[in-house]
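Being a predicted model, the structure only gives us computed values, none of them experimental. Numbers here are sequence positions counted from 1.
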Amino acid sequence: MNIAGHSPLSSLKWLGRAAGLAVLMLLTSCGFALKGETPLPFDTMYIGIPDNTLFGADLRRQLKAASPNTRQVERPDEAEAILQQTEMRRTQREVSLNAQGRVEEYELGVIFSFRLIDNKGNALLPDTTFAVYRDMPYDEQIVQAKQTQMETLYKAMQQSIVQRLMRRLTAPDVRVAAERVRAGKADPDAPVFDPKSAVPQNTTPQPWNSPSINRQLDPL
């Protein structure tokens, strides 16, 4: 049967569009929103995280995608905002042993601490720490496979931290702090840091070795 004199093909297309619109309206009512740009409140930004690491490279790509008009500069004194990394490390902790005292499960973690300041050292976002943890069953009979699984989990945790960092940098309170500093009204109670300490240090991950009962930490 035709709808309003239309051909069967055009009727199917019309029904498909209507169904798609209905699904979109349903998702919107549930709080779903299509991902788009979330610009940073800065024209220029210095990222004090090595760009030769997967974490640093991923963060730069995410920032460029979310805020294409924010230029990433090479020197802290050229930036309106400076992202300082104060800590980045991996953790590895035994959570269960078998009857022979061998590790059956590890808890892996990535801990990242940072601050956001302007080029005069005024804190736009004070020291903040993100930590992500995952459990990993361990079997010493398949060490190579577990090495690959461990590295995959660490990378997934780092990507999770990048997403959390992006949400934090684009939060309303950061925008308010940036506008206040731009107007020369920096919070007198906010801490002041040295912008030069934003020069990144090499934090390339160390090669991973077979887990040991006596070793709990792996530096990133």
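For Asp118, there are no salt bridge (charged side-chain N to carboxylate O under 4.0 Å, His left out) partners two or more places apart in sequence or in a different chain. Under the rule for a side-chain contact (heavy atoms from CB on, under 4.5 Å), the partners of Ala171 that lie at least two apart in sequence or sit in another chain are Arg168, Asp173.
The other residues sharing a hydrophobic cluster with Ile111 are Tyr133, where clustering joins ILVMFWY side chains under 4.5 Å apart.
At distances below 3.5 Å, at least one donor-acceptor pair connects side-chain atoms of Thr128 with backbone N or O atoms of Pro126. Lys146 places a side-chain N or O within 3.5 Å of a backbone atom of Pro137 that can act as its donor or acceptor partner. No donor-acceptor pair under 3.5 Å is formed between the side chain of Thr129 and the backbone N or O of Ser113. Remark: the backbone N or O of Phe42 is not paired with any side-chain donor or acceptor of Arg182 at under 3.5 angstrom. Judged purely by atom type and a 3.5 angstrom limit, Gln72 uses its side chain to pair as donor or acceptor with the backbone of Arg60. Looking only at distances, a side-chain donor or acceptor of Gln84 sits under 3.5 Å from a matching main-chain atom of Asp194. Listed for the Asp127 side chain is no donor-acceptor partner under 3.5 Å among the backbone atoms of Arg115.
Within the model, atoms CG of Leu124 and CD1 of Ile82 stand 9.5 Å from one another, a figure rounded to the nearest 0.5 Å. Summarising the geometry, atom CG belonging to Leu83 is positioned 10.0 Å from atom CG belonging to Leu40; distances are rounded to the nearest 0.5 Å. Here OG1 of Thr170 is found 8.0 Å from CZ of Arg175. Values are rounded to the nearest 0.5 Å. Taking CG from Leu165 and CG from Leu63, the interatomic distance works out to 7.0 Å, rounded to the nearest 0.5 Å.
Closest non-hydrogen pair, Phe193 versus Ala123, comes out as CE1-CB, 3.9 Å. Between Leu116 and Leu169 the shortest heavy-atom distance is CD2-CD2, 3.9 Å. Across Asn98 and Glu104, no two heavy atoms sit closer than the pair CB-OE2, 3.2 Å.
The 12-atom threshold is exceeded at CZ of Arg164, counting heavy atoms of other residues, nucleotides or ligands nearer than 6.0 Å.
Taking the six-membered ring where the residue is Trp, Tyr106 and Tyr138 present perpendicular rings, their angle passing 60° and hence far from 30°.
Cluster membership for Leu54 and Phe130, using ILVMFWY side-chain heavy atoms within less than 4.5 angstrom, is not shared.
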